[in-house]
A.B. asks: 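Okay, handing you the structure first.
Every chain is numbered from 1, with letters handed out A, B, ... down the list of sequences. All values below come from the heavy atoms of this structure, side chains included, with hydrogens, waters and symmetry mates left out.
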There are 2 protein chains.
Amino acid sequence: MRWEELDQQPCSLSRTLAVVGDRWTLLVLRDCFLGVRRFDEFEKRLGVTRHVLADRLKKLVEYGVLAKVPYQQRPLREEYRLTERGLELHSVMLALVSWGDRHMADERGAPIRHIHKGCGQVMRPVTVCSECGEPVAARDVQIEVGDGWQDATGELIPPRLARQAGNQDR
Amino acid sequence: MRWEELDQQPCSLSRTLAVVGDRWTLLVLRDCFLGVRRFDEFEKRLGVTRHVLADRLKKLVEYGVLAKVPYQQRPLREEYRLTERGLELHSVMLALVSWGDRHMADERGAPIRHIHKGCGQVMRPVTVCSECGEPVAARDVQIEVGDGWQDATGELIPPRLARQAGNQDR
DNA sequence: TCTAATCAGTTCCAAAAAAGAACCGATAAG
DNA sequence: CTTATCGGTTCTTTTTTGGAACTGATTAGA
């Protein structure tokens, strides 16, 4: 498989990674969530080359994650804003940040705190089941092939399904 | 900023991306969560080059996300297994898959279903606040600089903080 | 015994992507 | 008239991938 075919894979993770799965995109989006909107501000903050930045922003606009919004005429200047689709990546960001806080932080602790406006407290994100509301960890989930699955290569059936009841640890 | 300096940034997202933020790593991890453990099986399923695969697996072992476990002697063969630290990336995977299900799926719907063992239902992941248990979306969160923050360049203060009460949409 | 197969890589070369710097075009400011 | 701002594009060099072949320890089969 080549990287460009990623968005045609029968796997939602692959398809999401086709949008955000390269070196700089998630950092661009982090800054979007921090309120950055303009080309030169992204550049200053990220230190990415202008070339790559322009490319990533274009891709994010194509996928509907960001939208270009004019903020002045003459000369026309546009800024990049998260769309609803982009805002929905927030839980991805929270999950990534939370893992980093737990496993990659130094002595000083988390660099950024998230305050939940609803309750006013400093929060961590917790992933729960949509059906019963209980927290969900890796071992609490079983995987099943759904309707969108198609076995293109004949070999993609996940080993854990093939193995059936073989649920030792992974 | 260069990619290699990413894990020294005062940002948990950067540091997480230093581990999982390149082109193939999250796909390798997806397969780990599906039960794949051996080099040649990763290769067959991902279609990544052996060169890159070897590199990514080595990095994941160095960061403690995977562990090499011998499964036979003579010749010595080792397989890759998720550590606890690796298993904790599950909520990242769920968040990415869920976004893909919502925004990148075709007519056939989600390729894979997640069954919550606790309640037996097909589930979606929901991100809630650790303090009050309410669901959290992007607009429900305010960001605050924490102890781990250090302003190396003098310019990294997030615009949303600088702007203070300027909470129009992002 | 000879040959092929398995598995987990490594090595080599060509192609693609990223880094770094300079340039461009419209406009405004001094 | 010159410089600055903003949002890019173009150019060259370096790094990373893609693709294929090779390695080394061992087992299986003819």
A.B. asks: At 4.0 Å (heavy atoms only), tell me whether B:Arg77 reaches a base, stays on the sugar-phosphate, or touches nothing.
C.D. replies: base
A.B. asks: What is the distance, to the nearest angstrom, from the CD atom on B:Gln72 to the C1' atom on D:dT26?
C.D. replies: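 B:Gln72 atom CD is separated from D:dT26 atom C1' by 9 Å.
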A.B. asks: Under the side chain to side chain donor-acceptor pair (under 3.5 Å) criterion, do B:Asp22 and B:Thr25 qualify, and how do the steps go?
C.D. replies: CA-CA 6 Å; B:Asp22 59 54; B:Thr25 300; 2.8 Å; yes
A.B. asks: B:Arg56 has an atom CZ; how far is it from atom C1' of D:dG18, in whole Å?
C.D. replies: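 Taking atom C1' of D:dG18 as the reference, CZ of B:Arg56 is at 12 Å.
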A.B. asks: Check whether the side chains of B:His103 and A:Glu88 place a donor and an acceptor atom closer than 3.5 Å, and report yes or no.
C.D. replies: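 There is such a pair between these side chains.
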A.B. asks: When the distance from CZ of B:Arg23 to P of D:dT15 is rounded to whole Å, what number comes out?
C.D. replies: 18 Å
A.B. asks: From CZ of A:Phe42 over to C1' of D:dG7, roughly how many Å is that when rounded to an integer?
C.D. replies: 13 Å
A.B. asks: Please work out which of the three classes, parallel, tilted or perpendicular, describes the rings of B:Phe33 and B:His90, given edges at 30° and 60°.
C.D. replies: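 The arrangement is tilted - the two ring planes meet at 30° to 60°.
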A.B. asks: Using whole Å, what does the distance between atom P of nucleotide D:dG8 and atom CG of A:Asp40 come to?
C.D. replies: 10 Å
A.B. asks: Examine D:dG8: is either OP1 or OP2 under 4.0 Å from a nitrogen or oxygen in the side chain of A:Lys68? Give yes or no.
C.D. replies: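 For D:dG8, OP1/OP2 do have a side-chain N/O of A:Lys68 under 4.0 Å.
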A.B. asks: Send over the distance from A:Asp22 CG to D:dT16 C1', rounded to a whole Å.
C.D. replies: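 Value for this atom pair: 13 Å.
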A.B. asks: On DNA chain D, check which nucleotide each of A:Leu76 and B:Pro75 is closest to and give me the residue with the more 5' one.
C.D. replies: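 Its nearest nucleotide lies further toward 5', so the answer is A:Leu76.
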A.B. asks: Is the shortest side-chain N to carboxylate O distance from B:Arg113 to B:Asp101 below 4.0 Å?
C.D. replies: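 Looking at B:Asp101 together with B:Arg113, the answer is no, because their closest N to O distance does not fall below 4.0 Å.
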A.B. asks: Measure CG/A:Leu60 against P/D:dG8 and give the value in whole Å, please.
C.D. replies: 13 Å
A.B. asks: Can you give the first and last nucleotides of DNA chain C, 5' to 3', that have an atom under 4.0 Å from a heavy atom of chain B?
C.D. replies: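 Going 5' to 3' along DNA chain C, contacts run C:dT6 to C:dG20.
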A.B. asks: With a 4.0 Å cut-off, would you call A:Asp31 and A:Lys44 a salt bridge?
C.D. replies: no
A.B. asks: Among side-chain atoms of B:Ser12 and A:Arg102, is any donor-acceptor pair under 3.5 angstrom?
C.D. replies: no
A.B. asks: Check if the side chain of A:Arg50 and the base of D:dG7 share a donor-acceptor pair of N or O atoms closer than 3.5 Å.
C.D. replies: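 Yes, the side chain and the base share a sub-3.5 Å donor-acceptor pair.
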A.B. asks: If you assign B:Ala54 and A:Gln73 each to the DNA chain C nucleotide with the nearest heavy atom, which residue ends up on the more 5' nucleotide?
C.D. replies: B:Ala54
A.B. asks: Is any side-chain heavy atom of B:Val20 closer than 4.5 Å to one of B:Leu29?
C.D. replies: yes
A.B. asks: May I ask you to verify if any side-chain N or O of A:Tyr71 is less than 4.0 angstrom from the OP1 or OP2 atom of D:dG7?
C.D. replies: yes
A.B. asks: A:Leu53 has an atom CG; how far is it from atom P of D:dT9, in whole Å?
C.D. replies: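 It is 11 Å, rounded to the nearest whole Å.
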A.B. asks: Would you classify A:Glu43 as touching base, sugar-phosphate or nothing, given that sugar-phosphate means primed atoms plus P, OP1 and OP2, and contacts are heavy atoms under 4.0 Å?
C.D. replies: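 Here A:Glu43 touches no strand at all.
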